[in-house]
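Proteins get letters first, then strands, A, B, ... in listed order; numbering begins at 1 in each.
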Amino acid sequence: MNLFSDIRTAVLGAIAAMQAEGALPEGLNTDPVTVEPPRDPLHGDMATNAAMVLAKPAGLKPRDIAETLAAKLADDPRIASAEVAGPGFLNLRLENTVWQGLPAAILRLGRDYGRSDLGAGLKVNVEYVSANPTGPMHVGHARGAIVGDAIASLLAYAGYDVTREYYINDGGAQVDVLARSVYNRYLEAHDLTVDWPAESYPGEYLEPVGEALKAKVGDIWLNAPEEVWLEPVREFATDAMMDLIREDLAALGVHMDHFFSEKSLYGTGKIEAAIESLRAKGLIYRGVLQPPKGKTPEDWEPREQTLFKSTEHGDDVDRPIMKSDGSWTYFAPDIAYHYDKITRGFDQLIDIFGADHGGYVKRMKAAVSALSDGRVPLDIKLLQLVKLYKNGEPFKMSKRAGTFVTLRDVVDMVGADAARFQMLTRKNDAPLDFDFDKVVEQSKENPIFYVQYAHARICSVLRKAAEQGIDVSDATLAAADTSGMTHKAELALAGKLAEWPRLVEIAARNHEPHRVATYLTELASDLHGLWNMGNDDTSLRFIQDDPATSRSKIALARAVAVVISAGLGILGVTPVEEMR
RNA sequence: GGUCGCAUAGCUCAGCUGGAUAGAGCGCUGCCCUCCGAAGGCAGAGGCCUCAGGUUCGAAUCCUGAUGCGACCGCCA
């Protein structure tokens, strides 16, 4: 249920009635008609721009349309008044009964209040994290994991059929480097001394992998040439790394539906098939690229390569898909991977990348556009850096100094809930400050605490009421008589709850889960405000002398808790019932 | 040089995909617990929404350009 769309439907009905009477021409596009909360509550409960957006196509004055529309809408039993204001706004005031009925409706629906059919079951693939399987994940990966996961949850809540996917970069040269590093650890496990080349992963986390390899194969590869062991060690090592990564993700509460191996694209004809698909559209050719404008690399020399004509789909230059030695560039498997997603029937694709991959957005979008003939939209979210702080001081990461912060470190230090909420308080294209002390601080400065505190306070009221023998089950609360709910603070809180389904749709449409965090903070603020009003005006306290009145007050509070719980659920944060 | 992103209160940031007098937290000033959790709340002060054009009934929001900051820039993923 969504009060804003309900009223919008009423507005559209009134417009249709005016058309039937000849007061408005037929065939008007009503898509731009919105019903939204006015910025200033004094203007009413809801405002519509209908008269203003219809004025021009209808050839009429906005205020004239608004006057007629207002008269029609005033007949709606839910609408108390409709007033024309400003350049042609129509300010609507709803009957108190509408707000009074909201808590019961929310309690009946539970956390499903706010669910939307916006997605209409469309299949969406959200690809995120996709860290190279060469070591433990660091804080940057954590942001990607959390944001991707929250987008996936948000879209699922908004009615999309969502698949969470991880692309394992196990096909490139870096996994060979990993394999050699693990082989070194394997040699060390046999008490041999080894040389570490510059290109290697000397981290201690590979020691147990070397030990495990020794335990598995014994000494059979000690003197074997690389051709013999490279392939099996690579597989052994990447499996071990993926186990590590899966554990790290689980610690954050992230669970993928599908892991897609880049390696599975090689030698299976999948890359060739994807490229053939492009070739069939006339988008593959042999050619020589110009050097990048303004910055010619020292060793630049013209080379003929196999190119993808990405410029036909919005890119700035065509992109190489095959190196001059005939092997694929990294772009080729990326094309094949996205081709695979398209052929699996996804209607929309979302990729979560680090900001350092910004240069690949256009070519990737071009590839998806070409492969799907423009049918499948690809949205790429670029995540800015996470800046770490400790006690307000910048915290520099350094592998050598031993202050390299892994994803697991973050979870161990602040917990998955605090980490998740904090990472979701900023939009993706803004850098994020992450202070290890502030995210666990118990004060209103810390939004996660502030929201949790509101939820805990409500739970506290429910416990207290139950102790006094008041039945606070949702079913009983939903049946409470809320006709006494007339104070403007209570009605305003109900109004905030009415915005939840609308906010879900806006956030989902934009793939912006941070809006949920922002909304929850506002909702918590309203709850705290009402709570404190109870200090001066005892009639606003949730628990009253009379059980029936108590139930009607508690119904509103409980509805707030339900929405907080639903919102936190989307963010992957567990609502707490008491602060300790 | 090119591409992309960002620019809003002293600081950190929201701002509903174009709406009315631009919001919150911190910091500053002054208040509120005999009362469900004060771990909270209320009020005040604080703005050229970087700048210049444009689009229209209307712009912090969309377009163009400028300035500043950041990321990236042909066989590395």
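- Contact annotation for Arg515(A): backbone-only contact, meaning every heavy-atom pair under 4.0 Å involves sugar-phosphate atoms and none involves a base.
- For the C1' atom pair drawn from G15(B) and U34(B), the interatomic distance equals 43 Å after rounding to whole Å.
- Side-chain atoms of Tyr360(A) and base atoms of C76(B) include a donor and an acceptor less than 3.5 Å apart.
- Within the 4.0 angstrom heavy-atom criterion, base atoms lie near Ser460(A).
- In this structure, His43(A) reaches the bases: a heavy-atom distance under 4.0 Å links it to at least one base atom across the strands shown.
- Within the nucleic acid shown, Asn91(A) comes within 4.0 Å of at least one base atom, counting heavy atoms only.
- The partner of U3(B) is A71(B), by the rule that a Watson-Crick or G-U pair needs both atom distances under 3.5 Å.
- Looking at heavy-atom distances under 4.0 Å, Pro62(A) makes no contact with the nucleic acid at all.
- Using a 4.0 Å heavy-atom criterion, one finds that Phe449(A) contacts the bases of the nucleic acid, with or without backbone contacts as well.
- In this structure A52(B) sits in a base pair with U64(B), meeting the Watson-Crick or G-U test at under 3.5 Å.
- Regarding Asn49(A), its CG atom lies at a distance of 12 Å from the P atom of A20(B), rounded to whole Å.
- Asn132(A) comes within contact range of the sugar-phosphate backbone alone, with a heavy-atom separation under 4.0 Å but no base atom that close.
- Ala47(A) comes within 4.0 angstrom of a nucleotide base, judged by non-hydrogen atoms across all strands.
- Using a 4.0 Å heavy-atom criterion, one finds that Glu578(A) contacts the bases of the nucleic acid, with or without backbone contacts as well.
- The residue His357(A) sits close to a base: some heavy atom pair falls under 4.0 Å.
- Base contact: Pro87(A) has a heavy atom under 4.0 Å from a base atom.
- Checked against side-chain contact (heavy atoms from CB on, under 4.5 Å), Ala480(A) has the following partners two or more places apart in sequence or in another chain: Arg551(A), Ser552(A).
- Nucleic acid contact for Ala85(A): base, since at least one base atom lies under 4.0 Å from a heavy atom of the residue.
- Thr518(A) comes within 4.0 angstrom of the backbone, heavy atoms only, and of no base.
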